[in-house]
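Single-structure report; data block below.
Bear in mind that the values here come from a model prediction, so they are computed numbers and not experimental data.
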Amino acid sequence: VIGVALSFRAEAAALVAREIQDSSAILRIGTQSYSKTDGGDIKVQGSGQMFNYEYSRYLRMNQALVIGFRQTTDPLTKRDASHHAYAGYRFFPMGVGIPMLAVTEDSNLLMDARFKPYAEGSLGLGHTFLKRIDANSAGEFANNTMAIAFGGGLMMHFFSRWMVDLQIM
C-alpha cells in the first residue's frame, strides 16, 4: 500500500509539471559561414560574426517555441551580410529543458539537469547581401531570402539564472 501511495503522489506531481510554462531570453555570439551559387557561374562565400537574439517560451518541460533575430556582419565590407527573423521549435530529448519543482500534498518532485542537449528547427525570412555594384557605390545586389535551419545544441546551467549554450545549426 505504501508503494502505491508513493507512486500516486509522484504521478500527481508529474501531472502538475506538465502544466508548467516558463520563458527565457538568449543572446548568442558566434560565426556564420555562407555560400551562394547562381547556376554555377557566380559564387559568393565567406563568413562573418553573427549576433542572435532569441526569446524562448517553454510549452512543457521538454518543448519550447523560439522566436528570434539573427544578423551577420561581413568582415571585409563591414556591412550587414544577412539578417533573418525566425520562429521555430526546440525539443529536449532527455526530458528537462527548464528546472521544475512540483509540490503535491507532502511530496516534492524536483527535476533539473546541468547539461541539457536539444534539437531545433526553424523557418525565417530575411535579407542577404550578395555583392556591391562597384567599389565607389553604396548600391548592392541583394536578395530577400527564406531560411530553413536544423541543428542542435547543449545548454549548460552552471548558475541558477545564467547558462552557456553551444549550438550548431
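Applying the side chain to side chain contact (heavy atoms under 4.5 Å, CB included) criterion to Tyr55, with sequence neighbours excluded, gives Ser23, Arg57. Residues that satisfy the side chain to side chain contact (heavy atoms under 4.5 Å, CB included) test with Glu54, not counting sequence neighbours, are Ile26, Arg28, Asn52, Ser56, Val66, Tyr86, Arg90, Glu120. Residues forming a side chain to side chain contact (heavy atoms under 4.5 Å, CB included) with Ser47 (at least two apart in sequence, or on another chain): Thr31, Ser33. Under the side chain to side chain donor-acceptor pair (under 3.5 Å) criterion, Ser82 pairs with no residue, sequence neighbours left out. Residues satisfying the side chain to side chain donor-acceptor pair (under 3.5 Å) test with Gln63, not counting sequence neighbours, are Tyr89.
In this structure, Tyr53 belongs to a hydrophobic cluster whose other members, linked by side-chain heavy atoms under 4.5 Å apart, are Leu27, Ile29, Phe51, Phe69.
Residue Asn144 holds its CG atom at 9.0 Å from CG of Leu125, rounded to the nearest 0.5 Å. Taken to the nearest 0.5 Å, the CD atom of Gln32 stands 6.5 Å off from the CE atom of Met50.
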Side-chain donor/acceptor pairs under 3.5 Å, residues 145-159, sequence neighbours excluded:
unit_1, atom_1, unit_2, atom_2, d
Thr145, OG1, His84, NE2, 2.9
Thr145, OG1, Thr128, OG1, 3.4
His157, ND1, Lys116, NZ, 2.6

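Scanning all heavy atoms of the two residues, the minimum distance from Pro117 to Pro93 falls at O-CD, 3.4 Å. The heavy-atom pair separating Tyr58 from Ala64 by the smallest distance is CD2-CB, 3.7 Å.
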